[in-house]
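In this text, all values refer to a predicted model and were calculated from it rather than measured experimentally. Both counts, for ligands and for their atoms, begin at 1 and track the order of listing.
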Amino acid sequence: MSIADIEIKKFENGNCEEDKVFYQAMEEVIYSIAPLLESDDKYKKNAILERLVVPDRIFKFKVTWLDDDNNIQVNTGYRVQFNNALGPYKGGLRFHPSVNEGILKFLGFEQILKNALTGLPIGGAKGGSDFDPKGKSDFEVMKFCSAFMTELHKYIGPRVDIPAGDIGVGAREIGYLFGEYKKVTSSYEGVLTGKPFMFGGSLMRPEATGYGAVYFTETMLDMEGKESLEGKICTVSGAGNVALHAIEKLQQIGAIPVTCSDSKGTIHDSRGVDLDLLKELKLEKRVSLEEYVKVHPEARYIPVSEYPEDGHAVWDIPCYAAFPCATQNELNGFDAQNLIANGCISVTEGANMPSTPKAVNDFLSHKICFAPAKAANAGGVAVSEFEMSQNAAMARWSFDKVDERLKTTMQQICKRVALTAKDYGVEGNYVDGANIAGFKKVADAMIAEGI
Ligand code: NDP
């Protein structure tokens with residue numbers, strides 16, 4: 001039995017259905033770091049794994065609010081404060097009906113290593129609610145956010161825990177959450193990131209994750225001796241914050257993104273997607289992608305129901321580089337085989353853990369350049385940390401300054417990950433490189449801080 005199998009066995013007992021994605025994320029990390037555990041017994045002696053996979057604390061609370069018909073609605077809110085060895089807890093809030101403790105543990109665990117990879121002083125956390133903002137009026141979203149913050153404010157603070165956005169939580173929700181925090185605490189402080197610019201948000205925070213994923217990919221392709229993205233067909237999934245800004249940056253550098261998707265279907269526009277229209281549909285009108293083909297009848301809309309259950313239409317479209325930017329486990333083994341057969345040479349995870357373990361193995365065994373989420377989508381949290389710095393100094397950075405720092409940060413993460421992989425004998429494997437580099441940083445801090 002390998003050292004990784006022995007370690008994984010220790011955690012099997014708590015493995016319930018809800019925790020499935022959490023164990024998926026944990027197993028990947030344990031397999032990756034096996035060479036590190038073998039090379040230095042201090043991690044075992046200090047029980048780092050046992051300590052790292054258990055959150056410092058989890059808050060679970062009731063959120064009651066009044067809908068527009070004056071009916072009382074009840075949701076559940078959570079905050080998982082996972083690890084603060086490197087800095088205050090930091091990680092997004094997700095509002096989506098699928099949210100439960102297991103999903104937030106998976107996201108919080110990934111966040112610890114992601115934040116460590118940025119080289120910035122931030123720990124890992126995640127939170128959210130099973131509230132679904134879709135189909136709710138602005139007033140309902142506001143009332144929910146106020147009720148959520150009435151409870152959450154007890155556990156957060158600019159030196160304690162600084163939440164941000166994630167699925168279902170954008171600038172509108174962060175604005176309402178900030179307003180309520182201010183009201184209940186009477187203090188005006190940088191307790192949330194992703195705020196609108198007019199009250200302390202950083203320029204470029206909305207763009208950061210998508211832009212950062214493209215910067216990472218360009219650096220990776222250059223390091224691996226591949227042709228750049230310029231002039232190349234790219235496929236992107238999702239049509240939210242990360243996807244739209246990945247598409248935007250791809251267009252800016254001369255690549256041709258031809259797809260996007262939402263939970264109902266996929267758009268394939270072979271001339272390149274119309275980003276202005278997408279922003280109008282998704283950010284302003286908040287409607288289905290089906291509306292896209294009403295303006296561009298030459299594009300194709302593929303409803304989820306019209307594609308085989310085994311896979312996802314967006315990964316069946318030939319491309320040079322793919323960018324899964326929607327949600328976890330949205331790209332499986334079937335999809336990976338389609339991408340590989342169609343000549344894709346690079347996959348960058350804009351979403352958190354969008355590729356299943358089978359898909360990741362297929363990419364690695366076919367020598368596809370594969371950029372794992374915790375490295376490739378770290379641009380969002382990096383700019384969040386820049387927002388914290390600006391708030392603390394009462395300063396405003398220009399768009400160009402933030403963009404330059406984001407680009408440098410993504411290039412540094414990419415190089416750090418590639419070098420770590422080389423040092424541990426797995427050159428070209430960015431999954432192992434990211435896991436080892438992130439784990440080592442957090443683990444060494446935990447050892448230095450004692451139990
Ligand atoms: P948004 O809520 O802005 O967008 C999510 C998008 O994904 C929507 O278009 C949604 O479609 C689509 N989607 C959700 N589920 C599915 C599905 N099963 N199949 C196809 N499409 C789906 O979220 P973000 O863009 O902020 O987040 C996307 C991913 O990126 C998440 O994994 C998040 O954790 C990760 N991430 C986000 C960061 C950020 O800065 N926002 C930072 C780092 C990671 P629909 O509208 O129909 O639900």
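- Residues D269 and H296 have side chains that never bring a donor and an acceptor to within less than 3.5 angstrom of each other.
- The part of T209 lying near ligand 1 is the side chain, judged by heavy-atom distances below 4.0 Å.
- Looking at atom 21 (N) of ligand 1, its nearest protein heavy atom turns out to be D262 C, 3.3 Å.
- Heavy atoms of R286 stay at 4.0 angstrom or farther from ligand 1.
- Between K134 and ligand 1, at least one pair of N/O atoms sits closer than 3.5 Å.
- The protein heavy-atom contact nearest to atom 9 (O) of ligand 1 is A239 N, 3.0 Å.
- Taking every heavy atom of both residues into account, Y89 and G124 meet most closely at CD2-O, 3.6 Å.
- The shortest N/O to N/O separation between D166 and ligand 1 falls below 3.5 Å.
- Below 3.5 Å of separation, one finds no N or O of K264 facing any N or O of ligand 1.
- The distance criterion of under 3.5 Å between nitrogen or oxygen atoms is met by N352 with respect to ligand 1.
- At a heavy-atom distance under 4.0 Å, only backbone atoms of C325 (N, CA, C or O) approach ligand 1.
- In terms of protein heavy-atom proximity, atom 29 (C) of ligand 1 is closest to A326 O, 3.3 Å.
- Remark: ligand 1 atoms within the under-4.0 Å shell around heavy atoms of G168 are 2 (O).
- Contacts with ligand 1 closer than 4.0 Å are made by no heavy atom of K374, backbone or side chain.
- With F148 as reference, F95 is the one residue of F95, F131, Y155, W65 to meet the ring pair (Phe, Tyr, Trp, His ring centres under 6.0 Å) rule.
- For atom 4 (O) of ligand 1, the closest non-hydrogen atom on the protein side is G240 CA, 3.2 Å.
- Note: an N/O pair closer than 3.5 Å links S263 and ligand 1 by distance alone.
- Between V74 and K62 there is a side-chain heavy-atom pair separated by less than 4.5 Å.
- Residue contact annotation: Q328 has no non-hydrogen atom under 4.0 Å from ligand 1.
- Side-chain N/O atoms of K249 and Q252 include a donor and acceptor closer than 3.5 Å.
- Inspection of the D68 and S137 side chains reveals an N or O donor paired with an N or O acceptor under 3.5 Å.
- Counted by atom type alone, E189 and Y181 present one or more donor-acceptor pairs between their side chains at under 3.5 Å.
- For the side-chain contact (heavy atoms from CB on, under 4.5 Å) with L250, the lone residue among V273, L275, V214 that qualifies is V214.
- Side-chain contact annotation: T193 with K90, donor-acceptor N/O pair under 3.5 Å present.
- The shortest separation from a heavy atom of R94 to ligand 1 is under 4.0 Å, placing the residue in contact.
- Note: F82 and F22 have tilted aromatic rings, judged against thresholds of 30 and 60 degrees for the angle between ring planes.
- Nearest protein heavy-atom neighbour of atom 27 (O) of ligand 1: I167 CG1, 3.6 Å.
- In terms of protein heavy-atom proximity, atom 41 (N) of ligand 1 is closest to N241 ND2, 3.2 Å.
- Those atoms of ligand 1 with a heavy atom of R205 less than 4.0 angstrom away are 40 (O).
- Where the criterion is an N or O separation shorter than 3.5 Å, residue side chain and backbone included, L107 fails it with respect to ligand 1.
- Side-chain polar atoms of Q81 and D161 form a donor-acceptor pair below 3.5 angstrom.
- At the top of the distance list for atom 18 (N) of ligand 1, counting protein heavy atoms only, stands T327 CG2, 3.7 Å.
- Scanning A373, S288, A351, A246 for the heavy atom closest to atom 30 (O) of ligand 1 points to A351.
- A cation-pi arrangement is present between R396 and F197, with the terminal nitrogen or guanidinium carbon under 6.0 Å from the aromatic centre and inside a 45° cone about the axis.
- The closest protein non-hydrogen atom to atom 25 (O) of ligand 1 is V242 N, 2.9 Å.
- For G165, the closest heavy-atom approach to ligand 1 does not fall below 4.0 Å.
- To the nearest 0.5 angstrom, Y292 atom OH is 10.0 Å from H268 atom NE2.
- Checked by atom type, the side-chain pair E330/S237 shows a donor-acceptor distance below 3.5 Å.
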